[in-house]
Amino acid sequence: MSDKQRKILVTSALPYANGSIHMGHLVEYLQTDIWVRFQKMRGHLCTYVCASDAHGTPIMIKAREQGVTPEALTEAFSEEFKRDFADFGVDFDNYHTTHSSENEALTVEMYEALRARGDIYTKTIEQAYDEKEGMFLPDRFVRGTCPVCKSEDQYGDSCEVCGSTYSPSDLIDPVSVVSGTTPVKRESEHYFFRLGNYETMLRDWMRDAGLDKNMLAKLEEWFEAGLQDWDISRDAPYFGFAIPGTKDKFFYVWLDAPVGYPASFKNLCERRDDLDFDDYWRPGNDTEVFHFIGKDIMYFHTLFWPAVLHGSGFRTPTSVFAHGFLTVNGKKMSKSRGTFIKARTYLDNLEPSYLRYYYAAKLGPTIEDIDLNLEDFVARVNSDLVGKLVNIASRCAGFINKRFEGRLADTLPDESLFKEVADAAEPVASFMENREYSKAMRQIMLLADAANRYIDEHKPWVMIKDEDRQAEVHGVCTQGINLFRSLMIYLSPVLPAVSDKARAFLNEPAWQWSDATKPLLFTSINKFEPLLTRVESKQVEKMVEESKEAPAPVEDGEPVADDEPTISIDDFMKVDLRIARIEKAEPVEGADKLLQLTLDVGDFKRQVFAGIKAAYAPDDLIGRHVIVVANLAPRKMRFGVSEGMVLAAGPGGKDIFLLSADDGAVPGMRVK
RNA sequence: GGUGAUGUAGCUCAGAUGGUCAGAGCGGCGGACUCAUAACCCGCAGGUCGGUGGUUCAAUUCCACCCAUCACCA
């Protein structure tokens, strides 16, 4: 059925080796692993490599905090990752690290090639420097008061409160996160990559890669904004690779991280006679290279990476597949809700097969987020996997074992039903190839329903009581077992562990995809053991409980926002509401909804952008008293900084109603 | 604020160049069965397909605007 054997190299993004693997990471590794297993079953030479991302300042600092070397820290995490992945059935052909000789050699080779072609230049930039620690500080490692809204303890690159972006030197009272001292500004020479030289090449590449339309839209956005040159160097001390010809410059972690893909592959090639590095990484071969990534790192994989590869004489990826994020119970993962679930916590409580199936049942080829709804998870796994699929074998096996000495009959009584299942081989394969796993799972479950219906209609438990109908029972159960078997073959990439047990039950060697189209007849099978047990809600609850108690383990994890159903009076009093008089009101050029208001708040004036243009004419507003939130963090908008918020009610559009005070109130009065 | 995406039965999701497109699974209700891990089989769900306008003979499906949620803004 398959065309000629393809040679495919597949990667998943490299996990950063300073925190544990969690349920969000697993979306990607399971999605990739399923695809790779599918390709292998189709008879292709498919190789799956990955590595730990070991470099960069966060790892260096964390190692320092723990009093270990960065090598030791990342090795420890790598070992943990390998165990987690193995236990989830993620079957890498090689798992390496970016802190490797292969990676260094390739990174340097690429850099030298880019430099030779004039794509690298140096420029002196000014950066925050920690004199006590003797190191330059990445923006995220400087905190201080936001220069725009005066919120305290904000990162050096942007304010989480008002959304402004700035540089660390703009912060008020900046502090180094590392030493607690005040950073100084210091100049340093940095190396830049001329990404702008590659626009035409990148446009060609993305067209050929057949990227998802959502990805293309995003890329188009970046092209329109203009491709910026890329700072690829960092100053010592830094955990990474030294830039040749320099004493104290290192490659930025994001330069050598993707090089970890070919480096891991190169490491594998040394042990495998059937794989040749150049076949996969030099231009002009008919091999394929695919990267599975999260949508958050598209910029690196669809712009920098293809450009660097192309510029340095390597082949570009065949395509890049981006997936969305994971939510749990419809919300961001949260430590306090117990939905920030680490891979190990899951494994301590539940079967990996459950999650593999659940993700498969939800995954499509787009960058849409997927939701792990824990109630749905229990219902779906029990219903589909145990109630439908495994049940087919379970209800037939007893008859075969007890009445027919474990032998299958030599013909199928209903060949057309078997054909219906066999004919699904190519459509299901097509879904799998295109990463439309949810469609594949739906198709398979429909066929499982048909199988159960078949058994129900023929009622072997009735016929068995009639001595003349024993052969019919034999046939019906052989039919049932074969329907189960073909469906199990289709599910093998998703459920390798269950598949192995099923093969043991059926006494068969490793399956290929095409085996699903040929029935298994006149052969002995083994005693049926439960292939998968039901999920109990209690197990899920226990996992959530254990996740709640887990100490905050991940430093680069997503910020966690939790529900706050009520506020205290103190919280309310933090809001400084004031009476203000509108001095000026004018439309904002380029904004459909905004009016720019100048407010007199007694002792001071404020400029506010309010989205009330549809409801109020500017002239009608002048002189009016309104209520303004005076201590709202200023927000940088495209048109200027808005220094407060005018209170209004209503759903929006024309239905906006400004709040005002009764006569007697004067600008500056506090509202409470 | 800009850009992109999403918003369909209690839950998770399908769906169509605009006219059998209002669907599936789960849950729920009723029935049947007892081979099977309380699994399976049959029947029942009347959800204004986020809201408001518009185009059209006809819109959930096209357009505009609005609302909500999410992501990105290097």
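Quick note on labels: first sequence line is chain A, next is B, and so on, each numbered from 1. From a predicted model like this one, the values you see are computed outputs, not experimental measurements.
Taking the six-membered ring where the residue is Trp, A:W254 and A:F300 present parallel rings, their angle staying beneath 30° rather than reaching 60°. Using bins of under 30°, 30° to 60° and over 60° for the plane-to-plane angle, the ring pair A:F304/A:W230 lands in the parallel bin. The aromatic rings of A:F192 and A:Y121 sit parallel, their planes meeting at an angle under 30°, below the 60° perpendicular limit.
For B:G23, the paired nucleotide is B:C13, the pair qualifying as Watson-Crick or G-U wobble because both relevant distances are below 3.5 Å. As the counterpart of B:G53, B:C63 is assigned, both hydrogen-bonding distances of the Watson-Crick or G-U wobble pattern falling under 3.5 Å. The base-pairing partner of B:A68, taking Watson-Crick or G-U wobble contacts with both distances under 3.5 Å, is B:U6. B:C73 is paired with B:G1 under the criterion used here, namely a Watson-Crick or G-U wobble arrangement in which both key atom distances are under 3.5 Å. Across all strands shown, B:C44 pairs with B:G28; the Watson-Crick or G-U wobble distances both stay below 3.5 Å. For B:A38, there is no paired base (Watson-Crick or G-U wobble, both distances below 3.5 Å).
Rounded to the nearest Å, the gap between the P atom of B:U56 and that of B:U17 is 22 Å. Atom name P, nucleotides B:A16 and B:U6: the rounded distance is 13 Å, in whole Å. Between B:C33 and B:A45, the distance separating the two P atoms is 23 Å to the nearest Å.
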Which protein N or O atoms sit under 3.5 Å from an N or O of nucleotides 6-14 of chain B?
residue: B:U12; atom: O3'; partner: A:K362; partner atom: NZ; Å: 2.6
residue: B:U12; atom: O2'; partner: A:K362; partner atom: NZ; Å: 2.8
residue: B:U12; atom: O2'; partner: A:D376; partner atom: OD2; Å: 3.4
residue: B:C13; atom: OP1; partner: A:K362; partner atom: NZ; Å: 3.4
residue: B:A14; atom: O2'; partner: A:R442; partner atom: NH1; Å: 3.3

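For the side chain to side chain contact (heavy atoms under 4.5 Å, CB included) with A:M441, the lone residue among A:F431, A:Y357, A:Y358 that qualifies is A:Y357.
Phosphate proximity of B:A71 to A:K332: present, with a side-chain N or O under 4.0 Å from OP1 or OP2.
Remark: the backbone N or O of A:D414 is paired with a side-chain donor or acceptor of A:Q479 at under 3.5 angstrom.
Rounded to a whole Å, the CZ atom of A:F325 is 14 Å from the C1' atom of B:G4. The interatomic distance linking A:L216 (CG) with B:C72 (C1') rounds to 16 Å, in whole Å.
Residue contacts shown for A:G226 include a base, since a base heavy atom lies under 4.0 Å away.
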Could you run down nucleotides 33-43 of chain B 5' to 3' and tag each one B, S or - for protein heavy-atom contact under 4.0 Å?
-> SSBBB-SBSS-
